[in-house]
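Reckoned from all heavy atoms, side chains included, excluding hydrogens, waters and symmetry mates.
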Amino acid sequence: MIPGNFDMDSTAQAFPHRKMAIKLWPPSKSTRLMLVDRMTKNLTTPSLFSRKYGLLSKEEAEEYAKEIEDLAFVAANQHHEKEPDGDGSSAVQLYAKESSKLMLEVLKRGPRTKEDGEVMISEKVASHETFFDISGGRRAFIDAEEAEELLKPLGEPGNSYTKICFSNRSFGLDAARVAEPILLSLKDQLTEVDLSDFIAGRPEAEALEVMNLFSSALEGCELKYLNLSNNALGEKGVRAFGALLKSQNKLEELYLMNDGISEEAARAVCEIIPSTEKLRVLQFHNNMTGDEGAFAISEILKHSPALEDFRCSSTRVDSEGGVSLAEALGTCTRLKKLDLRDNMFGVEAGVALSKTLSVFADLTEVYLSYLNLEDEGAKALANALKESAPSLEVLEMAGNDITGEAASTLAACIEAKQFLTKLNLAENELKDEGAILIGKALEKGHGQLNEVDLSTNSIRRAGARLLAQAVVHKPGFKLLNINGNFISDEGIDEVKDIFKNLPNVLGPLDENDPEGEDYNEDGEEEGADNEDELESKLKDLEIKQKE
């Protein structure tokens, strides 16, 4: 029992006794006010602490009591949110425990006064925030003096920080040496560390030494989240973080984006991290991994059964590496988000990926743009997605040289995906035939759809009009992008008229070319007749359910 006649038991008495089927959390407003009053009295009662540190005035004690109660309530409420089906008894216990702990800290501080004798509230009660972030403000170098000032809260005894973000500030050796002992003191409580973009502009030798210092200081942390993105690591950088990476057996999220992850660096990551059994998020965006690096990443995937979010976009992976990644992903049966955009997969890798998609029952987002899939790869993937991923929300296959040949297969897949919120098939060659089939697939249902992009697809008047009619009445629809096509002036007027009551939903049409590459020099009238004839022929087209 701490001096001042306040302890966990006495605090708990402020709450009703536990009864069956009664929720004990949250406490009523009157109960919270009662606790503030009880703590105020305890803080102003003479005790061993008041004899040693001084007695608080009633005004100061009351202000502290309100702050303590608020902090304790927030901590307990966060705890309760994690077990909403409980009766609240554990939240009540935490509420009392936190209040008691914070009171003890205040008693040890004692009263603080200004020189004129006016009472002022002393230092704020020890922060019970869990996230420490210095990434705000402009991107800049940080010196030792600034580091001492910025990181001061991390050195305060009893702080509750479990997450730190040092991104956007460039640490040199002097600043790193300031951070080192602070990080050492926190290693038993940290669970999330963001060191993205924290050595920008430093010479390689200094940057590597800084990485080594941080790595050694954090070695042994049981992290769930680690972000080392935007540091141009390369193999040397990965190995500079070796001590930290080798000590990670419980990582759930790992980000290595824009890090110069070459094949050697990818192999180093695979070699150093001891376990990825719990990994849920793995992101390698914008690296120079190539096929050889993809082979190493594939080994990581094979040992990541819990993976839910995998991003390996813009990594220069060719066909062989794509096939390797596709096959390795077969282990990741819990995958929800897959982003492989902007690689050189080609048809073979696309077909290989289609064979894996069947295991992803929980897939909600798939980004497969700019992969050189062509019609064959696109059809294979569309057929596979049609039979799997029942809750798919995002489908992106832009820039894949997809023509009208694959349109019916794509449309059949899209028709089956009734939870779609976003569809992106931009920069293909679907033309009117494909646009009309896609539009027909979207006509019925798709109540959650809010964005469709078929820009730059050589679409003319008929396709544009049908797409507009298919989406204009969707509740919550936000954007139809059909810019960069070959829609006639009459077609533009028709589409604008369809969206006359929702002008902001129709994207810009400033890059549309009404003449188009197939412009008939005999006159626009004949072109219009041809367009109407095409539309007439397309009206009876049906979506093919199977190839």
For the [atom1] atom of [X] and the [atom2] atom of [Y], what is their distance to the nearest 0.5 Å?
| X | Y | atom1 | atom2 | result |
| --- | --- | --- | --- | --- |
| L251 | T276 | CG | OG1 | 9.5 Å |
| L35 | T40 | CG | OG1 | 9.0 Å |
| I273 | L282 | CD1 | CG | 8.0 Å |

Under a 3.5 Å distance rule, please check whether [X] uses its side chain to pair with a backbone N or O of [Y] as donor and acceptor.
| X | Y | result |
| --- | --- | --- |
| T356 | A326 | yes |
| N400 | L373 | yes |
| S185 | I182 | yes |
| Q248 | C221 | yes |
| N227 | L195 | no |
| N343 | R316 | yes |
| K66 | V36 | no |
| N450 | K478 | no |
| N424 | A426 | yes |

Nearest atoms (heavy-atom pairs only) where [X] meets [Y]:
| X | Y | result |
| --- | --- | --- |
| L301 | C332 | O-SG, 3.7 Å |
| C270 | A296 | SG-O, 3.8 Å |
| S319 | E348 | OG-OE1, 3.5 Å |
| G172 | E206 | CA-OE2, 3.3 Å |
| A76 | L94 | CA-CD2, 3.8 Å |

Flag yes if more than 12 heavy atoms outside [X] fall under 6.0 Å of its [atom1] atom; otherwise flag no.
| X | atom1 | answer |
| --- | --- | --- |
| K163 | NZ | no |
| E145 | CD | no |
| E320 | CD | no |
| Q189 | CD | yes |
| R32 | CZ | yes |

Pair listing, ring-ring contact (aromatic ring centres under 6.0 Å, His included) test, anchored in residues 323-361, at least two apart: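 Every candidate ring-ring contact (aromatic ring centres under 6.0 Å, His included) pair involving residues 323-361 fails, so no pair, neighbours aside, qualifies.
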
Inter- and intrachain pairs under ring-ring contact (aromatic ring centres under 6.0 Å, His included), touching residues 186-232, at least two apart: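 As it turns out, the ring-ring contact (aromatic ring centres under 6.0 Å, His included) pairs with a partner in residues 186-232, which skip direct neighbours, are F171-F214, F198-F214, Y225-Y255.
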
Looking at [Y] and [X], is there a salt bridge between them, counting it only when a charged N and a carboxylate O are closer than 4.0 Å?
| X | Y | answer |
| --- | --- | --- |
| K152 | E156 | no |
| K41 | D37 | yes |
| E253 | R280 | yes |

Identify the residue among E396, E365, E393 that makes a salt bridge (Lys or Arg N to Asp or Glu O under 4.0 Å) with K422.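 In the set E396, E365, E393, the residue that makes a salt bridge (Lys or Arg N to Asp or Glu O under 4.0 Å) with K422 is E396.
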
So do the side chains of D194 and D133 get within less than 4.5 Å of each other, counting heavy atoms only?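 D194 does not reach D133 side chain to side chain.
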
Taking the side chain as every heavy atom from C-beta outward, state whether L244 and L223 have any atom pair closer than 4.5 Å. yes

Does the side chain of [X] come under 3.5 Å of the side chain of [Y] through a donor N or O and an acceptor N or O?
| X | Y | value |
| --- | --- | --- |
| S167 | S196 | yes |
| D342 | S314 | yes |
| T289 | N287 | no |

Report the C-alpha separation of R239 and E264 in whole Å, then their side-chain angles, then the decisive distance to 0.1 Å, and conclude whether the salt bridge (charged side-chain N to carboxylate O under 4.0 Å, His left out) test is met. CA-CA 11 Å; R239 296 197 181 280; E264 295 84 6; over 6 Å; no

Could you give me the CA-CA distance, side-chain angles and deciding distance for K302 and E299, then say whether salt bridge (charged side-chain N to carboxylate O under 4.0 Å, His left out) is met? CA-CA 5 Å; K302 291 175 184 177; E299 290 303 311; 3.0 Å; yes

